[in-house]
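Following: one structure in structure tokens, then a few remarks.
A, B, ... follow the sequence lines: proteins, then strands. Residue 1 opens every chain. Computed from a predicted model, the values in this text were never measured in an experiment.
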Amino acid sequence: MTSEPHLVRVPDQVSVDGLEDKWVPAWEKEGVYRFDRTKARQQVYSIDTPPPTVSGSLHVGHVFSYTHTDTVARYQRMRGREVFYPIGWDDNGLPTERRVQNYFGVRCDPSLPYDPSFVPPDKPGKDVMACSRQNFIELCERLTVIDEQAFEEVCRRLGLSIDWAMTYQTIDKTARAISQRAFLHNLARGEAYQAEAPTLWDVTFRTAVAQAELEDRDRPAAYHNIAFNGPDGTKISIATTRPELLPACVALVAHPDDKRYQELFGRAALSPLFNVKVPVISHRLADPDKGSGIAMVCTFGDLNDVTWWRELGLDTRTIVGRDGRLIPEPPPGLDDDTGRTAYADLAGATIHAARERIVALLRDSGDLQGEPEPIVHAVKFYERGDRPLEIVSSRQWYIRNGGRDDDLRAALLDRGNQLEWHPDHMRVRYANWVNGLTGDWLISRQRFFGVPIPIWYPLDGHGQALYDKPLVPDDCDLPVDPTSEPPPGYHEDQRDQPDGFVADADVMDTWATSSLTPHVAGRWSVDGDLFERVFPMDLRPQGHDIIRTWLFSTVVRSHLEHDSLPWQHVAISGWILDPDRKKMSKSKGNVVTPVGLLERHGSDAVRYWAASGRPGTDTAFDEAQMKVGRRLAVKILNASRFVLGLGIADDVAAVTDALDRAMLAELAAVVNDATSSFEGYDYARALERTEKFFWTFCDDYLELVKVRAYGEYGEQRANSARGALAVALSTLLRLFAPFMPFTTEEVWSWWRPGSVHRSSWPVATDLYAVCGDVDPRVLSTAASVIRTVRKSKSDAKLSMRAEVERLTVRGSRGFLGLFEEARHDVQAAGHIAQIDVVTTSEEALVAEVSL
RNA sequence: GGGCGCAUAGCUCAGCGGGAGAGCACUCGCCUUACAAGCGAGCGGUCGCAGGUUCAAAUCCUGCUGCGCCCACCA
């Protein structure tokens, strides 16, 4: 292994400051991270990078997890894989919708036609201007381009080895076309369908939401005991936290084995205030221990009500409107005059107001038994909402995801098992979620901004929509906006006319597009040649909080479209925790901006902190750790300057000293360890091993060989050290390169051509070829002796340069043999006048120092 | 209620069948021709608790406690 001679240029002074400004543009100019699309699939390593939400700024969590991915990308690139590492911006969905509204003072009205000359208000003011969906999307693209540039700056400065020629936006034209095309494929295969059904509904956003977007929050509530009138004149006490739903009551249920209610099953009760006759029915889901053991079923108070309503075939008595208020007219079945009068008092009220009024009415009529008993219970919320979800019946689009189909569920569970999870235990979260699905994936949203559902419906002669005969666009017309374009075979003037057509006004859930990131990034159906070279991908990096959404939905789409996994590996990142061990909040994260950190500590230092967080493990935000990283970077620069300043011996055949060969043997073990760690996606372990070796290398080996490398014992022995140092430095720089791309590139540029990031990952066999068969304990033995010498000087409060009169080393023949190999180096490094060696029978080595 | 993870020095963490470790912090030294934003040395721990397996347990098993997260519970 003889290298070409190189001109070595080592600066007099070194610094980690300014390396980002030097290398970011240089990498761009040289195209170091450009993807070479002539490579075949087996040569490619492709990454399904999470597209960050473009809303405000990146936070520390991004820096953390994107660094993890980048170390893997850099490792794979050095291993010779052509790395496909694009990034996209997630600017599709509610966060952007709200930002565009506030920033420009506009709102989206899909019923408006596109106005190419639309200009938003000068200043967002009280007069909110309405605009078409296409105009809204254009404003979004205008606003997000600013943020996206800022994001790109941060990512570049952080040293992410992304190919910046391949960015995409989840709202851009290609992404919309791909999203609609995939949906139409689902529709054609029967995987997408529409259904009229009770749906979880957010009254603030006025949209349906999916199971995956729910979260439970504890809310104060109260049990109200309400007296229903039994068939024989007795009172039936019902406990409820939602007394305002009394007019929506359609039945009472109790458990079939509950002795208290046997006589009532099959008979009817009369609700108080409204005098509606409701059946008393038995059902296994009724819990005898809850409340009075008998529940009122309302349409709809919770998901249990939906189950009872469906399984028992109950009436529908909707009273909550989509705005969260009680609807103006009493529901069917509420025919009694007193009841209608009572209802009139509630019509139009919010849930909260209706509750107060109905409690007052019940109190007046004597049908409230006792006082409400306060409790705290979990209530379902939309994760972005701040009012409890209601359940309304509506027509929605669904994609099959196994929630209502055991075969599909089993197939998707199997997909989860085929995936290689890092760390492995994360796979159970996937299985838990899939096993707990209660319905198909609801993808339609009653919002304006997003990818439109590419569907129209014909209208009959009476203007009624024929929902079971949806009209689809021609594939070549995608993306379409059905609210501003007519379906094939129709003219725009037939819109909303009898015998004409009507658009499906809904948009798709943001996850319906995000579930296609491998397709969007790989330009599926647009650039089939590229897609074949990158799909299925190798890696999906992401957080554990979105396993049930992004990860699962991507698996679903890939399973349905390609009958395959979307990627082979998934690497789960942990969260950043505050010093007080809580998940770092956005507000706090924004105080500590990534740019500030990168400027203060240097990118490599911040990356060092990030890469110290093990895969899937929540990690404390710790600037002290960044200081350690900075120190390491400075040390790499200084040690490299020293080694290169000694003069490089590129003739590795000169490496003859046992101490030098022992050091390389230990380094070979580190290379093996780092490599297998990276193969298992444990970048943190690879870093830790490399770093540990490096400090020993500096503190012990460099100190031991310094004098010899200067040439004090002749050129031949100096060249042994210089050759070993050159090999070690080259190896160490490459081991560090995935973690500290700036520092290692800087040093590499002093003495090697090209970029370290396109050099090859070190292999142990190259090192073994140089060091041959040697006992690696030569180095550790010498190091332990020199440590004893240092301790003596330190205890005597002397300089490390102080002379040692005599060093006596006692030990077994074997240990002394190891020591003898490095005797002269120890003597020089310790400034030792005389070394005596005494053979003993003990299997140990003891050094005595006489100062 | 079900599941997953974590618990090792003051702090952040590594180790996961045979010696209890690193960095930070702290203490004491050292201008040593790569580095004083450095270097050397030191102090510091019943490895959460209780059992068990083993010649040997921080490490494997069982139970418990505490913390975090996921899911369920919503009358």
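Ring centroid separation for the pair A/Phe697 and A/Phe642 does not come in under the 6.0 Å cut-off.
The distance between atom CG of A/Asp287 and atom P of B/rG1, rounded to the nearest whole Å, is 14 Å. Atom-to-atom, CG of A/Asp305 to P of B/rC73 comes out at 13 Å; the value is rounded to the nearest Å. In this structure, the CG atom of A/Asp216 is 14 Å from the P atom of B/rC69, given to the nearest Å. Separating the CG atom of A/Leu637 from the P atom of B/rG38 is a distance of 14 Å, rounded to the nearest angstrom. Atom CG of A/Asp622 and atom P of B/rA25 are 11 Å apart (whole Å). Between A/Asp289 atom CG and B/rC73 atom P there is a gap of 17 Å when expressed in whole angstrom units. For A/Arg429 and B/rG2, the CZ to P distance is 18 Å, given to the nearest whole Å. Rounded to an integer number of Å, the gap from A/Leu437 CG to B/rC70 P is 17 Å.
Each of A/Thr438 and A/Thr241 lies near RNA chain B, and the nucleotide nearest A/Thr438 is the one positioned closer to the 5' end. Annotation: of the two residues near RNA chain B, A/Arg641 and A/Ala378, the 5′-most nearest-nucleotide partner is A/Arg641.
Counting any heavy atom pair closer than 4.0 Å across all strands shown, A/Glu688 reaches sugar-phosphate atoms only and no base atom. Within the 4.0 angstrom heavy-atom criterion, no nucleotide atom of any strand lies near A/Leu725. Across all strands, A/Val634 comes closer than 4.0 Å to no nucleic acid atom at all (heavy-atom distances). The residue A/Arg219 sits apart from the nucleic acid: no heavy atom pair falls under 4.0 Å. Across all strands shown, A/Asp699 has heavy atoms under 4.0 Å from sugar-phosphate atoms exclusively, and none from any base. Within 4.0 Å (heavy atoms only), A/Asn435 reaches no atom of the nucleic acid at all. A/Cys698 comes within 4.0 angstrom of a nucleotide base, judged by non-hydrogen atoms across all strands.
A/Arg9 forms no cation-pi arrangement with A/Trp750, by the criterion of a distance under 6.0 Å to the ring centre and an angle within 45° of the ring axis.
Of the listed nucleotides (B/rC71, B/rC74, B/rC24), B/rC71 has the atom at the smallest distance from the side chain of A/Arg548. Distance from the side chain of A/Arg685 is smallest for B/rG15 among the nucleotides B/rA37, B/rG15, B/rC73. For A/Asn638, taking side-chain heavy atoms from C-beta onward, the closest of the listed nucleotides B/rA34, B/rC69, B/rC4 is B/rA34. When distances are taken from the side chain of A/Arg787 to each of B/rA41, B/rA72, B/rG23, the shortest belongs to B/rA41. For A/Ala620, the side-chain atoms get nearest to B/rC13 when compared with the rest of B/rC71, B/rC13, B/rG38. Between B/rA34, B/rG15, B/rC73, one nucleotide has an atom nearer to the side chain of A/Leu702 than all others, and that is B/rA34.
Under 3.5 Å, the side chains of A/Tyr701 and A/Asp660 contain a donor-acceptor pair of N or O atoms. Residues A/Trp309 and A/Thr316 bring a donor and an acceptor atom of their side chains to less than 3.5 Å of each other. A/Thr240 and A/His224 share no side-chain donor-acceptor pair at under 3.5 Å.
A/Lys290 has a side-chain polar atom (N or O) that falls below the 4.0 Å cut-off from OP1 or OP2 of B/rC74. At least one side-chain nitrogen or oxygen of A/Tyr710 sits closer than 4.0 Å to the OP1 or OP2 atom of B/rA34. Look at A/Arg790 and you'll find a side-chain N or O under 4.0 angstrom from OP1 or OP2 of B/rA41. Contact between the side-chain N/O atoms of A/Arg631 and the OP1/OP2 oxygens of B/rC24 is found at a separation under 4.0 Å. The side chain of A/Asn432 contributes no N or O atom lying less than 4.0 Å from OP1 or OP2 of B/rC4.
When the C1' atom is used for both B/rG63 and B/rA41, the distance is 45 Å, rounded to whole Å. Using C1' as the reference atom, B/rG66 and B/rC28 are 39 Å apart when rounded to the nearest Å. Separation of the C1' atoms belonging to B/rC4 and B/rA72 is 15 Å when rounded to the nearest angstrom. Taking the P atom of each, B/rA14 and B/rU32 are spaced 39 Å apart, rounded to whole Å. Taking atom P on both B/rG42 and B/rA22, the two are 10 Å apart, rounded to the nearest angstrom. Nucleotides B/rC64 and B/rC16, compared at atom P, are 28 Å apart to the nearest Å. Comparing the P positions of B/rG23 and B/rC69 gives a spacing of 32 Å, expressed to the nearest Å. Separation of the C1' atoms belonging to B/rU27 and B/rA9 is 15 Å when rounded to the nearest angstrom.
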Are any protein N/O atoms closer than 3.5 Å to N/O atoms in nucleotides 28-32 of chain B? If there are, list each pair with its distance.
| residue | atom | partner | partner atom | Å |
| --- | --- | --- | --- | --- |
| B/rC28 | O2' | A/Lys797 | NZ | 2.6 |
| B/rU32 | OP1 | A/Arg801 | NH2 | 2.6 |

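Under the 3.5 Å distance criterion, the side-chain polar atoms of A/Tyr681 are left unmatched by any main-chain donor or acceptor of A/Val570.
Heavy-atom contacts from other residues, nucleotides or ligands closer than 6.0 Å to NZ of A/Lys235 number more than 12. Under a cut-off of 6.0 angstrom, the local environment of CZ in A/Arg260 is crowded, with over 12 non-hydrogen atoms contributed by other residues, nucleotides or ligands.
With salt bridges taken as basic N to acidic carboxylate O contacts below 4.0 Å, none links A/Glu688 and A/Arg685.
In this structure, A/Lys635 and A/Trp695 have side chains that are in contact, with non-hydrogen atoms separated by less than 4.5 Å. With contacts defined as side-chain heavy-atom distances shorter than 4.5 Å, the pair A/Trp751/A/Val10 does not qualify. Within the 4.5 Å cutoff, no side-chain heavy atoms of A/Leu735 are placed close to those of A/Phe694.
Each of A/Arg631, A/Arg630, A/Glu691 was scored for a side-chain hydrogen bond (donor to acceptor under 3.5 Å, both in side chains) with A/Tyr608, with one residue passing: A/Glu691.
Annotated stems with RNA chain B as a participant read B:1-7 with B:65-71, B:10-13 with B:21-24, B:26-30 with B:38-42, B:48-52 with B:60-64, given as range with range, by first number; only runs of 3 or more Watson-Crick or G-U pairs under 3.5 Å qualify.
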